[in-house]
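Worksheet: one structure, shown below.
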Amino acid sequence: MSSQPSPPPYQGPPSGPPYQQPPAPQQYYQPGPAQPVPYVEAGAPGAPGQPPYLPPGAYTPAPPPPPRGGRGAKVAIATILSVVLLAAVGAVVLFKFVLKGGPDPAESFPASASMYMELNLDPSFDQTPKLLEHLSKFEDLDYDSTDDLLADLIEESGLEGVDAEKDLSSWLGGRHGAAMWEYDGQPYAVVSLASTDAGAAEDGLANLRAAAGVDEDQMAYTVEDDHVLMVVGETGAAAALDAAKSEAGSEPLSASASYEEARAWLDGDQLAVYWVDMDSVAELAELTGEDADMFSEFYSGQLIAGFSAFDDGFELTYRLFGGEDDPWTGSEDLLANMGELPAADVAATAHIPENIGDLTSEWLEAYEGLYGVDDYAAEPAEPAGDPLTAEEYTEYLELQDGYYNGTLTAEEETRYLELDTRYWTAGTVEDPWVDDSDDYDYGPSAEEIEAMVTEFTDLLAGADLSFAGDFDAEEGMNPDSVLASAHLAEDRAADLQALIDESLTEEGAELPEGVTADGSEISYTGSETASGTLSEDSRFSDFAAAAPEQSAVAVWVDLAAAAETFPDEFEGAQALSAFAWAHGSDGGDGTGVLRLYLTD
């Protein structure tokens with residue numbers, strides 16, 4: 001039985017010096033908070049830069065390792081940052097900052113809308129000044145006026161013939177909303193923009209529609225005294241606009257019980273509000289031809305999220321008002337225990353639900369039903385093209401730098417993509433992906449995967465997992481700085497260690513020296529763990545006070561330390577100080593807080 005429940009994920013094109021197949025080195029396992037993740041296909045068959053299609057569960061030859069320099073950690077950081085940074089920057093890019101009020105946009109939307117987002121920049125609260133102050137800490141986001149910001153937006157949009165000041169800022173207010181809505185079997189975007197000058201709005205929107213090259217059947221709007229209502233779709237926008245106005249007049253979104261309950265939960269002023277009716281979104285997905293089975297399997301109810309600025313940065317809070325209790329009920333002690341971890345650059349902790357075994361079985365069944373992973377008898381696809389010769393591989397690596405730097409000619413780019421496809425589907429003559437189909441390793445069967453997952457989940461049910469470590473410019477994460485532990489619900493730490501040992505042995509790897517198993521705890525402490533504790537960091541203490549009382553998962557990343565370790569990746573973003581996220585439950589509903597701390 002293999003120790004891997006799924007094939008290694010595709011990691012992107014190789015980079016760095018020519019790859020040399022190393023002798024089988026010892027591999028070390030670093031225990032940390034993790035949970036089984038179902039297999040996900042990596043790219044479409046035959047797509048440039050993707051490996052050949054393999055049946056789920058099959059062995060995938062690993063690509064060359066990334067160059068030393070901590071690329072994996074950097075990618076992880078970038079992924080984490082995108083959650084909050086896109087929200088912050090998106091608020092700037094999508095809307096115009098004019099400090100004038102407006103009506104509640106939700107009053108203009110039909111109650112049957114499936115998704116709704118509102119931006120409120122009313123000057124009656126201090127959110128707008130805080131937002132502008134925080135954004136000014138980033139390069140290229142420091143504007144003397146909101147008109148300058150809008151002018152940049154219009155310039156980037158490529159809409160020629162639009163005068164930002166005349167066509168937009170002359171009439172836009174400060175409170176706007178957008179929603180997804182279905183009418184007559186088609187999806188539409190409905191937009192409400194606060195207006196302070198109906199005449200200017202009429203002229204400006206006409207110019208915008210002409211510049212966009214669309215007609216009334218694709219973009220229809222009506223101008224009222226205090227707002228503009230607009231409907232956008234592939235066709236039938238004018239009829240949809242009339243229907244939206246009619247429904248909003250008698251059954252507005254603002255008066256719907258589900259929206260009112262969710263909106264009332266958000267505490268304090270919000271720069272942006274995001275609300276989703278999960279069931280309606282699934283129906284909307286089906287209208288567009290998307291398969292919504294997996295979505296419906298895991299999500300239901302109403303989601304509300306609020307984006308706001310606080311004194312030290314940005315905050316996103318959310319709650320899922322679901323029909324079923326959130327299984328990640330969490331623990332009141334999670335954040336307090338996390339505060340006792342070393343004051344490391346990265347820390348994570350999780351309280352595993354007692355019924356994690358049942359949950360995992362449900363997830364696997366849902367995934368198997370959707371993707372058909374019961375069929376393991378499929379033959380692997382033939383490699384696309386021949387393996388690269390030594391000369392072609394050298395050429396491939398030389399072209400690679402130019403491709404990522406955007407300096408290749410069209411002919412060179414075509415050649416690079418040809419070599420890239422052949423490399424990732426066939427390998428090299430010296431080191432092909434598949435030498436002999438008779439020796440092809442299909443990996444573990446579905447039964448083996450399920451049995452292995454069951455063994456782990458039985459041991460981890462009710463456990464508390466913790467991890468902490470420091471960044472390293474050469475290795476991404478300094479292995480000597482790592483502290484990892486698992487506090488099990490029963491005195492079975494030795495069983496967990498034995499299971500890990502067994503799994504790693506089959507892969508020619510082993511646990512590092514220093515792993516101990518005593519009673520209910522298995523742990524590893526490196527020789528260079530950080531001094532002090534997280535609770536001594538004022539940023540972490542501030543976040544812990546804002547986290548859900550019953551937290552199940554929490555993540556902490558010191559972005560200031562990351563910027564110091566990886567300066568190239570943080571160029572222009574030195575204002576970032578820390579990222580934190582915690583998810584838990586409140587009255588059976590899943591709830592969470594994300595915070596992005598900025599430097600002074």
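Atoms considered below: every heavy atom in the structure, side chains included; atoms not considered: hydrogens, waters and symmetry mates.
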Do [X] and [Y] come within less than 4.5 Å of each other through their side chains, counting heavy atoms only?
X	Y	result
F307	E315	no
P512	Y524	yes
D501	E510	no
Q186	T235	yes
F467	L483	no

Which value, rounded to the nearest 0.5 Å, describes the distance between [X] atom [atom1] and [Y] atom [atom2]?
X	Y	atom1	atom2	result
L460	E455	CG	CD	11.5 Å
L208	M219	CG	CE	6.0 Å
L341	T529	CG	OG1	10.5 Å
H176	L119	NE2	CG	6.5 Å
E395	T389	CD	OG1	8.5 Å
R539	L559	CZ	CG	8.0 Å

*Give the intermediate values and the outcome of ring-ring contact (aromatic ring centres under 6.0 Å, His included) for residues F566 and F471.*
CA-CA 9 Å; F566 312 113; F471 293 120; 5.7 Å; yes

*Derivation and outcome, side-chain contact (heavy atoms from CB on, under 4.5 Å), residues F456 and L499*: CA-CA 8 Å; F456 274 104; L499 182 58; 3.9 Å; yes

Closer than 3.5 angstrom, by distance alone: can the side chain of [X] be matched with the main-chain N or O of [Y] as a donor-acceptor pair?
X	Y	answer
S481	D470	yes
R595	F543	no
E411	T409	no
T428	L388	no
N405	T407	no
E475	D472	no
T349	M338	no

*Taking atom types as modelled, find out whether N207 and D167 have a side-chain donor-acceptor pair closer than 3.5 angstrom.*
yes

*asked:* Could you walk me through whether M477 and V346 satisfy the side-chain contact (heavy atoms from CB on, under 4.5 Å) test, starting with their C-alpha distance in whole Å, then the side-chain angles of each, then the deciding distance to 0.1 Å, before giving a yes or no?
replied: CA-CA 9 Å; M477 181 70 66; V346 178; 4.0 Å; yes

*Is it true that atom CD of E564 has more than 12 heavy atoms of other residues, nucleotides or ligands lying nearer than 6.0 Å?*
no

*Inspect the surroundings of OH in Y318 and state if more than 12 heavy atoms from other residues, nucleotides or ligands are less than 6.0 Å away.*
yes

Shortest non-hydrogen contact from [X] to [Y]?
X	Y	answer
T565	A473	CG2-N, 3.4 Å
S577	L598	CB-C, 3.6 Å
L408	G402	CG-C, 3.5 Å
G233	Y188	CA-CD2, 3.7 Å
V276	M115	CG2-CG, 3.9 Å
Y416	Q400	CE1-CA, 3.6 Å

*Looking at R415 and E418, does any basic side-chain N land under 4.0 Å from a carboxylate oxygen?*
yes

*Is R209 salt-bridged to D215, cutoff N-O under 4.0 Å?*
no

_Check for me whether the distance between the ring centres of Y396 and Y423 falls short of 6.0 Å._
yes

*side-chain contact (heavy atoms from CB on, under 4.5 Å) between D345 and V557, worked out*: CA-CA 6 Å; D345 299 340; V557 182; over 6 Å; no

*Could you check whether the rings of H134 and F314 sit parallel, tilted or perpendicular, using 30° and 60° as the cut-offs?*
perpendicular

*Report the C-alpha distance between K137 and D600 in whole Å, list the side-chain angles of each, state the deciding distance to 0.1 Å, and finish with yes or no for salt bridge (charged side-chain N to carboxylate O under 4.0 Å, His left out).*
CA-CA 9 Å; K137 298 177 181 179; D600 294 332; 5.5 Å; no

*Between V593 and L316, is a side-chain contact (heavy atoms from CB on, under 4.5 Å) present by the stated rule, with each step listed?*
CA-CA 6 Å; V593 176; L316 180 72; over 6 Å; no

